[in-house]
Participant: 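The structure's right below; bear with me while I get my questions together.
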Amino acid sequence: MSSHYDFKSIEAKWRDKWIKDKTFKVSTRPGQKKFYLLEMFPYPSGKLHVGHLRNYAIGDAIARRKRMDGFNVLHPIGWDSFGMPAENAAIQNKTHPHKWTVGNIDEMRNQFVKMGISYDWEREVATSHPGYYKWTQWIFARMFDEGVAYRKKSFVNWCAPCGTVLANEQVIDGNCWRCDNQVVQQEREGWFLAITKYADDLLNGLKELAEGWPERVLTMQENWIGKSIGAEVEFTVDGSSEKLTVFTTRPDTLFGATFMALAPEHPMARQLVGGTGQEPEVTAFINETLNQDSTERSGEGAEKKGVFTGRYAVNPMNGEKIPIWIANFVLIEYGSGAIMSVPAHDQRDFEFAKKYGIDIRAVIVTEEQMDGESTSNLIEDYAILKEAYSGDGIMVNSGQFSGLHNRREGIEKVAEYLKEKGLGKKTVNYRLRDWGVSRQRYWGSPIPIVFCDKCGVVRVPDDQLPVILPTEIEFNESSGSPIARSDAFIKTECPKCGGPARRETDTMDTFMCSSWYFNRYTSARNDTAMAAKEDLDYWMPVDQYVGGIEHAILHLLYSRFFTRFLHDIGIAGFQEPFKRLLTQGMVIKEGAKMSKSKGNVVSLDVMSDRYGTDATRLFILFAAPPERDLEWSDAGIEGSFRFMGRVSRWMEGQMGAIKRGGEAPAGLDGLPREAADVRRAVHKTINKVNYDMDRFGFNTAIAAVMELMNTIGAARLADDPASTAVTAEAAESLLLMLAPFTPHFCAEMWERMEKPGSIVDHPFPTADPACMVEDSIEIVVQINGKLRGKFSVPPGASKEELEKLALANEKVTAHMGDKPPRKVIVVPGKLVNIVV
RNA sequence: GCCGGGAUGGCGGAAUUGGUAGACGCAGAGGACUUAAAAUCCUCCGGAGCUUAGCUCCUCGCGGGUUCAAGUCCCGCUCCCGGUACCA
């Protein structure tokens with residue numbers, strides 16, 4: 001290693017200097033534009049590995065470049081430090097979650113410093129710090145006052161191993177997002193946030209993000225919100241005054257409804273059956289279904305099952321009586337938990353009807369069928385068919401609506417009719433559910449609520465915030481949260497009447513803590529507000545957000561919701577928190593995402609000890625474009641390491657010329673040939689690197705710099721003043737272009753070159769067009785589109801000249817033989833294609 | 001099923017608007033330096049064929065099409081990855 005630059009002492013020197021000098025302390029110089037760059041803050045789980053590094057290396061390259069471009073850059077970091085792993089680790093290691101978390105933060109902070117990421121450490125935040133969660137609670141209080149945070153009893157996702165409720169977004173394929181164990185449905189009371197009130201706003205807001213966000217994230221959010229437009233239709237229960245409401249996106253098929261189906265959880269289910277003699281069967285069916293777990297009931301290929309209630313509903317369109325069934329495929333959470341079933345035109349209804357021998361009645365036929373002579377036997381047709389027809393067509397067997405095209409007129413006309421008769425109305429349904437935020441865990445922000453026997457549910461007043469999470473507490477393996485057993489925490493006074501009251505012992509979902517943290521960085525030490533208005537107005541929204549695709553729905557949707565809420569109550573002057581989003585791919589090792597739990601991590605400490613932080617950062621940016629997954633290769637990093645050695649050796653070898661420097665003449669005129677070639681390469685590279693960095697093509701930017709290094713390393717420039725100036729310019733440009741990627745090395749070489757000032761604030765180089773002028777360009781000759789020859793011409797040669805030269809080219813004439821050219825296409829500066 | 005994204009050498013990946021496919025790097029082969037090794041430097045490196053200083057043909061998942069010209073545009077498939085799903 002002796003022939004390599006001494007990266008250990010160089011990196012130590014500069015990282016210490018940057019911390020000591022507070023080099024990256026945010027400034028708000030007037031007259032400069034702001035740029036807020038943010039990487040998703042980490043959960044302090046322990047040591048960082050090279051998989052984590054990718055996120056921060058990308059962010060730092062952007063931040064450093066923007067800083068060189070003269071922006072006032074806000075580039076902060078913090079810790080998403082509440083959460084389950086701290087509790088699990090505490091139980092395992094007989095320590096306390098707080099101690100474990102703080103220890104990990106210290107360790108990871110040191111690693112960030114060692115990596116030389118350009119953070120302003122004075123703005124560091126941790127969500128588990130009372131100075132932070134005071135404001136999480138404050139936001140909850142605002143939501144409570146506005147009716148956005150509310151309490152209800154409902155079926156919730158319960159993860160037994162974690163001992164807590166989960167939000168819908170945290171259930172992945174029926175399993176817990178954290179521990180991967182099966183989630184079951186349980187009826188419970190808890191706190192919910194009315195994100196569904198914002199469903200339409202969140203959907204419409206996506207349009208505004210179309211330019212800056214990856215399309216797939218937008219579609220994922222769109223699908224998650226799942227808007228569908230349809231109608232609510234009221235059916236009366238035959239022989240009773242009870243009514244049942246169904247939601248349908250196909251009111252045009254109402255005449256084809258041959259039965260109705262309720263979810264087993266439907267409140268009317270047990271009531272309806274009274275006195276019909278069907279009670280034993282129905283009760284047994286409901287109990288059986290409710291005891292099934294979600295995959296058994298609704299997983300892939302789950303069988304459709306149901307039971308007849310013995311009662312009938314009246315179809316409001318034609319007064320027909322249709323049987324009411326209870327069916328396992330009807331979901332209580334969606335729509336009204338009851339459906340009208342049209343077997344002819346819905347595949348699920350079709351399967352169910354076939355199984356239980358219910359009528360199948362066609363009410364839509366294709367336009368081709370309509371042209372045929374008869375539609376009378378379509379009912380029989382469906383009885384032998386294997387599937388429902390869910391496409392569009394002409395309405396038949398539909399009373400006054402027969403003959404209409406369902407999509408073009410039918411849906412609208414039927415909806416209008418229902419409205420007129422008071423039988424229903426047009427409605428919109430969303431797949432999105434309200435966000436359950438109660439967690440039966442200890443390590444999270446307390447919910448600022450007390451329960452008073454006299455006053456009921458009472459919000460803790462703002463001047464009593466934060467409700468401190470006690471850290472002096474018995475923490476052991478027994479199930480449930482320790483604060484739920486702590487009288488000292490639970491027993492309190494009612495803020496309203498002063499009487500005895502109990503504190504809420506559920507804590508908040510940690511995603512609440514991370515749904516607003518980007519605001520806090522703008523005003524991190526503020527103890528009178530979540531953030532000062534002027535700080536929010538100046539810095540927000542985030543100009544560029546960088547993070548993993550795994551948060552496409554969870555964190556990114558929740559943050560958008562919080563921001564809209566804060567906007568509506570007048571705190572935020574913006575509706576979208578993140579203007580642009582870059583989702584970096586995963587780091588893969590041995591076919592799996594690099595993670596501690598998979599045991600395939602590559603230690604960041606080992607890599608930076610062996611190759612240095614700079615080379616590690618350089619490699620991770622070079623190996624693949626940021627959005628794509630990256631296969632880690634220990635061998636690959638050697639290449640980046642060798643490249644840095646080459647740059648270092650070349651610079652040391654040229655140091656005399658570099659220090660002498662001098663003004664290069666304008667453009668390329670008057671430069672010796674070799675020097676002109678080098679200078680042209682330098683400026684063309686600058687041009688490409690600027691272009692690539694603007695589109696986050698770090699891999700190609702780095703490749704271009706490597707290519708430049710190969711060119712200037714091979715060149716042998718003379719000793720004349722002009723050539724010396726070109727060498728110095730090349731060295732300077734090379735360092736400036738590498739500075740966002742390998743900051744320690746570049747700072748060191750900058751100093752050795754005796755350049756004034758700091759490289760971190762030096763303007764990023766821009767290309768001079770006069771230095772990119774070519775003295776000759778290569779023209780390709782094709783015959784019938786195939787490459788046949790090449791020749792050089794001065795730039796600006798005319799079409800006629802190019803054609804003449806191409807036709808005169810020996811190889812071309814050899815190929816053409818005696819066939820005359822039929823057509824000649826000339827693309828000036830590029831090629832000539834001869835068609836024979 | 002539906003919605004996104006993708007498929008280029010042994011490997012990671014390049015190829016701004018259709019215009020020289022394989023930049024840059026890794027791995028590999030040969031050589032220089034060295035007592036030796038490491039480090040460094042130089043050369044070669046998609047495939048096949050031939051009358052082998054060179055030349056020809058093939059090659060960007062497969063099959064068609066548009067065009068003077070297609071990795072790039074259009075149509076039809078195959079496979080892989082991600083998201084989502086009894087959502088009425």
Side-chain angles (χ1 to χ4, degrees), chain A residues 1-4 172-173 214-224 226-228 230 246-250 253 261 297-304 327-331 333-342 345-349 351-352 390 429-431 549-550 552-553 585-586 619 622-625 627-640 642-643 645-646 649 688 691-692 695 697 699-710 713 778-790 811 814 821-827 829-836:
Chain A
M1 299 256 163
S2 58
S3 64
H4 268 90
I172 314 292
D173 294 333
E215 195 180 308
R216 62 171 171 154
V217 176
L218 297 175
T219 12
M220 278 163 76
Q221 291 212 356
E222 199 182 316
N223 292 340
W224 188 262
K227 181 178 185 170
S228 51
V246 303
F247 172 75
T248 177
T249 54
R250 295 290 304 273
T253 62
R297 176 169 164 194
S298 61
E300 193 89 25
E303 198 191 345
K304 287 177 185 47
N328 65 346
F329 70 92
V330 183
L331 306 174
E333 316 92 72
Y334 189 76
S336 59
I339 58 167
M340 63 171 211
S341 294
V342 185
H345 305 296
D346 180 285
Q347 186 58 25
R348 294 156 299 178
D349 297 347
E351 284 168 31
F352 194 86
S390 55
N429 242 296
Y430 297 94
R431 201 183 153 275
I549 187 77
E550 66 271 20
I553 295 167
M586 298 182 293
F619 172 66
F622 172 68
E627 304 85 3
R628 211 179 295 188
D629 286 351
L630 180 157
E631 175 79 36
W632 178 263
S633 134
D634 279 350
I637 194 173
E638 294 266 2
S640 301
R642 283 201 283 257
F643 166 70
R646 237 178 302 144
R649 279 190 302 278
K688 176 166 174 56
Y691 173 83
D692 282 349
R695 47 172 269 270
N699 56 329
T700 48
I702 293 166
V705 176
M706 287 176 167
E707 208 174 343
L708 176 64
M709 185 60 233
N710 291 344
E778 192 180 60
I779 300 292
V780 166
V781 190
Q782 299 177 330
I783 296 174
N784 292 337
K786 282 201 170 140
L787 175 68
R788 292 303 179 198
K790 295 174 186 179
K811 288 196 177 150
R822 245 193 15 220
K823 193 174 173 188
V824 179
I825 285 116
V826 182
V827 183
K830 272 251 160 73
L831 58 74
V832 179
N833 189 14
I834 301 162
V835 188
V836 294

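None of these values were measured; they are calculated from a predicted model. Just so we're on the same page: letters track the sequence lines, and every chain starts at 1.
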Participant: When all nucleic acid strands are considered with a 4.0 Å heavy-atom cut-off, which category describes A:Ser633: base, sugar-phosphate, or nothing?
Facilitator: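 Nothing, no heavy atom under 4.0 Å.
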
Participant: So what does A:Val330 touch, heavy atoms closer than 4.0 Å: a base, only the sugar-phosphate, or nothing?
Facilitator: base

Participant: Roughly how many Å is it from CG in A:Asn699 to C1' in B:C26, rounded to a whole number?
Facilitator: 15 Å

Participant: Starting from P on B:A88, measure out to OH on A:Tyr430 and report it in whole angstrom.
Facilitator: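 To the nearest whole Å, that distance equals 14 Å.
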
Participant: Identify whether any heavy atom of A:Asn833 sits under 4.0 Å from a base atom; if not, whether one sits that close to sugar-phosphate; answer base, sugar-phosphate or nothing.
Facilitator: base

Participant: Please report the distance separating the P of B:C33 from the corresponding atom of B:C11, rounded so that it comes out in whole Å.
Facilitator: 35 Å

Participant: Could one point to a donor on the side chain of A:Lys304 or the base of B:C86 with an acceptor on the other under 3.5 Å away?
Facilitator: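 Answer is yes: a donor-acceptor pair is held.
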
Participant: When we call it a touch if two heavy atoms are under 4.0 Å apart, what does A:Gly335 touch: a base, just sugar-phosphate, or nothing?
Facilitator: nothing

Participant: Tell me the interatomic distance from A:Lys823, atom NZ, to B:C68, atom C1', rounded to whole angstroms.
Facilitator: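 So the NZ-C1' distance, A:Lys823 to B:C68, works out to 5 Å.
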
Participant: From CZ of A:Arg646 over to P of B:A39, roughly how many Å is that when rounded to an integer?
Facilitator: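 One finds 14 Å between P of B:A39 and CZ of A:Arg646, rounded.
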
Participant: Confirm from the modelled atom types if A:Glu778 and B:U20 form a donor-acceptor pair under 3.5 Å, side chain to base only.
Facilitator: yes

Participant: Which one of A:Val330, A:Asp346, A:Leu331 satisfies the side-chain contact (heavy atoms from CB on, under 4.5 Å) criterion with A:Ile339?
Facilitator: A:Val330

Participant: Taking the nucleotide of RNA chain B with the nearest heavy atom to each, does A:Thr700 or A:Phe247 sit closer to the 5' end?
Facilitator: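 Going by which nucleotide is closer to the 5' end, it is A:Thr700.
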
Participant: Compare side-chain N and O positions of A:Arg649 against OP1 and OP2 of B:A39 and report whether any pair is under 4.0 Å apart.
Facilitator: no

Participant: Taking atom C1' in both B:U16 and B:C26, compute the distance separating them and give it to the nearest angstrom.
Facilitator: 26 Å

Participant: Grab the CG-C1' distance between A:Leu831 and B:A70 for me, whole Å please.
Facilitator: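 Answer to the nearest Å: 14 Å.
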
Participant: What's A:Asp349 touching, base or sugar-phosphate or nothing? Going by heavy atoms closer than 4.0 Å.
Facilitator: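 Here A:Asp349 touches no strand at all.
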
Participant: Sticking with atom C1', work out how far B:G61 lies from B:U78, rounded to a whole angstrom.
Facilitator: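 Rounded to whole Å, the distance is 7 Å.
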
Participant: Roughly how many Å apart are B:G22 and B:A15, using the C1' atom of each and rounding to a whole number?
Facilitator: 9 Å

Participant: Give me the distances for all protein-to-nucleotides 3-12 of chain B N/O pairs that come in under 3.5 Å?
Facilitator:
{"from": "B:G12", "atom 1": "O2'", "to": "A:Ala623", "atom 2": "O", "distance (Å)": "2.7"}

Participant: Using whole Å, what does the distance between atom P of nucleotide B:A69 and atom CZ of A:Arg822 come to?
Facilitator: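 These atoms are roughly 10 Å apart.
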
Participant: Let's see if you can work this out: which of B:C87, B:G19, B:G83 has an atom nearest to the side-chain heavy atoms of A:Met220?
Facilitator: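 Per side-chain heavy atoms of A:Met220, the pick is B:G83.
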
Participant: Please report, rounded to the nearest Å, how far the P atom of B:A88 is from the NZ atom of A:Lys227.
Facilitator: 14 Å

Participant: Based on Watson-Crick and G-U pairs with both distances under 3.5 Å, what dot-bracket line describes RNA chain B 5' to 3', crossing pairs as [ ] and inter-strand pairs as |?
Facilitator: (((((((..(((......[....))).(((((.......))))).(((((...)))))..(((((..]....))))))))))))....

Participant: Taking only N and O in the side chain of A:Tyr334, is any of them less than 4.0 Å away from OP1 or OP2 of B:A88?
Facilitator: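 Yes, within the criterion.
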
Participant: What's the separation between atom CD in A:Glu638 and atom OG in A:Ser633, rounded to the nearest 0.5 Å?
Facilitator: 9.0 Å

Participant: Could you check A:Glu707 against A:Ile834 and say which one's nearest nucleotide on RNA chain B is further toward the 5' end?
Facilitator: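 Nearer the 5' end of the strand: A:Glu707.
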
Participant: So does A:Val342 get a backbone contact from the side chain of A:Asp349, meaning a donor-acceptor N/O pair under 3.5 Å?
Facilitator: yes

Participant: In terms of heavy-atom contacts, does NZ of A:Lys830 have more than 12 from other residues, nucleotides or ligands at under 6.0 Å?
Facilitator: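 Count not over threshold, so no.
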
Participant: Round to a whole Å and report the spacing from CG of A:Asp346 to C1' of B:A85.
Facilitator: 14 Å

Participant: Does A:Arg431 reach the main-chain N or O of A:Trp224 with its side chain, forming a donor-acceptor pair under 3.5 Å?
Facilitator: yes

Participant: Checking understanding here: a glycosidic angle within 90° of 0 is syn, the rest anti, so what is B:G9?
Facilitator: syn

Participant: Using the C1' atom in both, what is the distance from B:G4 to B:A21, to the nearest Å?
Facilitator: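 Those two atoms are separated by 28 Å.
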
Participant: Roughly how far apart, to the nearest Å, are B:U67 and B:C73 at atom C1'?
Facilitator: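 Here B:U67 and B:C73 have their C1' atoms 10 Å from each other.
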
Participant: By the 4.0 Å heavy-atom rule, please label A:Val835 as base, sugar-phosphate, or nothing.
Facilitator: sugar-phosphate

Participant: Give me the one residue out of A:Ile834, A:Leu831, A:Leu787 that meets side-chain contact (heavy atoms from CB on, under 4.5 Å) with A:Val781.
Facilitator: A:Ile834

Participant: Can you check the distance between B:U51 and B:G10, where both ends of the measurement are the C1' atom (answer in whole Å)?
Facilitator: 33 Å

Participant: Between atom CZ of A:Arg216 and atom CD of A:Gln221, what is the distance when rounded to the nearest 0.5 Å?
Facilitator: 13.0 Å

Participant: Using atom P in both nucleotides, what's the gap between B:G19 and B:C74 to the nearest angstrom?
Facilitator: 15 Å

Participant: Using a cut-off of strictly less than 4.0 Å, decide whether A:Ser228 has a side-chain nitrogen or oxygen near OP1 or OP2 of B:A88.
Facilitator: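 Checking B:A88 against A:Ser228, a side-chain N or O does come within under 4.0 Å of OP1 or OP2.
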
